[in-house]
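Here the structure comes first, spelled out in structure tokens, and everything after it is commentary.
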Amino acid sequence: MSDKNMQVLFANRPKGWVQESDFKIVESEIPQPKEDQVLVKNIYLSLDPYMRGRMSAGKSYTAPMEIGDVMVGGTVGVVVESKNEQFKPGDVVLGYFGWQQYGLSNGKGLLKVPADKIPLSAFLGVLGMPGITAWVGLNMIGEPKPGETVVVSAASGAVGSVVGQLAKAKGCRAVGIAGGNAKCDYVVNELGFDACVDYKAGNLDQDLKQAAPNGIDIDFENVGGEILDTVLTQLNAHARIPLCGFVSQYNVTEPYQLRNFGAFLASRVKLQGFIVGEHMNLWPQAQQELTQLYTSGKLKYRESVAEGLENAPKAFIGMLKGENFGKQLVKIADR
């Protein structure tokens, strides 16, 4: 065990695009567990778009980070020292220790995971928060029915890739929206979507009509902006929109103004934003179904892994620009 704890702190509220100067890398003493506490060495860190929202001071579903805070984030790691009878050294645990090498916990919110046959990184992606987000949004809000058309933006990403595969398992037509031929080829040829539209090709409206000729029943929205505006014109009556994210709007100074807002009334659309952390009662069911699909080879995923915590800021900025392919992770240490 190293004698210092590397941490990445939130150093500056960005205006527009995040810069590497908005972070500060420091070293601190490794915390020592007291009674009922455990010390965890983090192996992988999850990078997710919601973190950009936490860097802003505006009103949101949770409080913004304060300057000087350790950057927030989910982690999977190994218990190295324990004074809590529920955990022992060597246990693999899912936590929320943020951008740092070591974390201290009293055990609340710390979840043991079966890491003997499943890669640790999967618990931050397809079997973790992103996968459960896909499951909750699609099933609880989208309520898919066989034969319906499900469109998902950011389709090659950690959440979108799972949404499409779950939709196919429900007997739906799955249509992805992604940026570039490589991502669209992956979505169709490896993940099994029925079609994928490259929004960077500049013909989103017509390409989407061709990919979803019978209209759209469910739009799992991860991007917002012009993509959402285009989808609105092609929604069927009583369509549902699980609103998961607005990644296209996180780094702009002038928010995109919807032109086709009237579609919500004309098509009697149900739109509901959701935060997966408010549905913890559904996590066991979701994780069980996702694990069954994964172990049977019916749920595929892809990862982009940055090596070293010092490279987390660069990887985070790249993810916000769509440079990652699949789930974006940082490998902090070897197990």
Is a side-chain donor-acceptor pair under 3.5 Å present for [Y] with [X]?
| X | Y | result |
| --- | --- | --- |
| Tyr256 | Asp229 | yes |
| Asp185 | Asn181 | no |
| Asn106 | Asp36 | no |
| Asn5 | Gln100 | yes |

Does a side-chain heavy-atom distance below 4.5 Å link [X] with [Y]?
| X | Y | value |
| --- | --- | --- |
| Met6 | Ile25 | yes |
| Gln7 | Leu9 | yes |
| Leu39 | Pro31 | yes |
| Met55 | Pro64 | no |
| Leu94 | Leu124 | yes |
| Leu320 | Trp17 | yes |
| Asn236 | Ile216 | no |
| Tyr44 | Ile332 | no |

Check against side-chain contact (heavy atoms from CB on, under 4.5 Å), Val8 and Lys24 = CA-CA 6 Å; Val8 181; Lys24 182 179 181 180; over 6 Å; no

Mind listing the closest non-hydrogen atom pair of [X] and [Y] along with its distance?
| X | Y | result |
| --- | --- | --- |
| Gly179 | Lys183 | O-CD, 3.5 Å |
| Ala155 | Gly176 | CB-CA, 3.5 Å |
| Ala315 | Gln328 | CB-NE2, 3.9 Å |
| Leu104 | Pro33 | CD1-CA, 3.6 Å |
| Leu232 | Asn260 | CD1-O, 3.6 Å |
| Val70 | Phe97 | CG1-O, 4.3 Å |

Would you say [X] has more than 12 foreign heavy atoms packed within less than 6.0 Å of its [atom1]?
| X | atom1 | result |
| --- | --- | --- |
| Lys145 | NZ | yes |
| Lys112 | NZ | yes |
| Lys270 | NZ | yes |
| Glu307 | CD | yes |
| Gln37 | CD | yes |
| Gln210 | CD | no |

Derivation of the salt bridge (Lys or Arg N to Asp or Glu O under 4.0 Å) call for Lys327 and Asp48 | CA-CA 8 Å; Lys327 174 63 188 174; Asp48 300 283; 2.5 Å; yes

May I ask you to decide if [Y]'s main-chain N or O and [X]'s side chain share a donor-acceptor pair within less than 3.5 Å?
| X | Y | answer |
| --- | --- | --- |
| Gln287 | Leu127 | yes |
| Gln234 | Asp205 | yes |
| Asp69 | Glu66 | yes |
| Asn222 | Ala154 | no |
| Arg173 | Thr149 | no |
| Ser105 | Gly107 | yes |
| Asp207 | Leu204 | no |
| Arg259 | Gln257 | no |

Salt bridge flag under 4.0 Å for residues Glu29 and Lys4 =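 Looking at Lys4 together with Glu29, the answer is yes, because their closest N to O distance falls below 4.0 Å.
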
Looking at [atom1] of [X] and [atom2] of [Y], how far apart are the two atoms once the value is rounded to the nearest 0.5 Å?
| X | Y | atom1 | atom2 | answer |
| --- | --- | --- | --- | --- |
| Cys184 | Asp198 | SG | CG | 5.0 Å |
| Ile218 | Cys172 | CD1 | SG | 5.5 Å |
| Tyr102 | Thr75 | OH | OG1 | 13.5 Å |
| Lys209 | Asn214 | NZ | CG | 14.0 Å |
| Gln165 | Leu299 | CD | CG | 5.0 Å |
| Glu221 | Ile141 | CD | CD1 | 13.0 Å |

Hydrophobic cluster membership, with links at side-chain heavy-atom distances under 4.5 Å among I/L/V/M/F/W/Y: are [X] and [Y] in one?
| X | Y | answer |
| --- | --- | --- |
| Val152 | Val188 | no |
| Leu258 | Ile177 | yes |
| Leu243 | Phe264 | yes |
| Val79 | Phe123 | no |
| Leu45 | Leu110 | no |

Is it the case that Arg52 places NZ or CZ above or below the six-membered ring of Tyr250, under 6.0 angstrom from the centre and within 45 degrees of the axis?
->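 Not satisfied by the 6.0 Å and 45° rule.
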
Hey, does the Lys NZ or Arg CZ of Lys168 hover above the aromatic six-ring of Phe193, less than 6.0 Å from the centre and inside 45° of the axis?
->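 Judged by the rule (NZ or CZ under 6.0 Å from the ring centre, within 45° of its axis), Lys168 is not positioned above Phe193.
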
I would like to know whether Lys300 and Glu190 meet salt bridge (Lys or Arg N to Asp or Glu O under 4.0 Å); could you show each step before the answer?
-> CA-CA 8 Å; Lys300 300 178 181 179; Glu190 294 192 43; over 6 Å; no

For the residue pair Tyr50 and Tyr96, categorise the inter-ring angle as parallel (less than 30°), tilted (30 to 60°) or perpendicular (more than 60°).
->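 Because their plane-to-plane angle is under 30°, the rings of Tyr50 and Tyr96 count as parallel.
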
Do the rings of Tyr301 and Tyr294 sit parallel, tilted or perpendicular, given the 30° and 60° boundaries?
->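 Tyr301 vs Tyr294 ring planes: tilted.
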
When Leu138 is tested against each of Cys244, Pro144, Pro242 for side chain to side chain contact (heavy atoms under 4.5 Å, CB included), which residue passes?
->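 Of the listed options, the one satisfying the test is Pro144.
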
List the steps and the verdict of salt bridge (Lys or Arg N to Asp or Glu O under 4.0 Å) for Glu148 and Arg240.
-> CA-CA 11 Å; Glu148 291 190 322; Arg240 288 84 70 196; 2.7 Å; yes

Would you please test Trp99 and Phe10 for ring-ring contact (aromatic ring centres under 6.0 Å, His included) and show each step?
-> CA-CA 10 Å; Trp99 297 24; Phe10 176 41; 10.0 Å; no

What do the steps show when you test Leu111 against Val93 for side-chain contact (heavy atoms from CB on, under 4.5 Å), and what is the final call?
-> CA-CA 5 Å; Leu111 178 67; Val93 292; over 6 Å; no

Give the C-alpha distance, both sets of side-chain angles, the deciding distance and a yes or no for side-chain contact (heavy atoms from CB on, under 4.5 Å) between Val197 and Tyr199.
-> CA-CA 6 Å; Val197 175; Tyr199 73 87; 5.6 Å; no

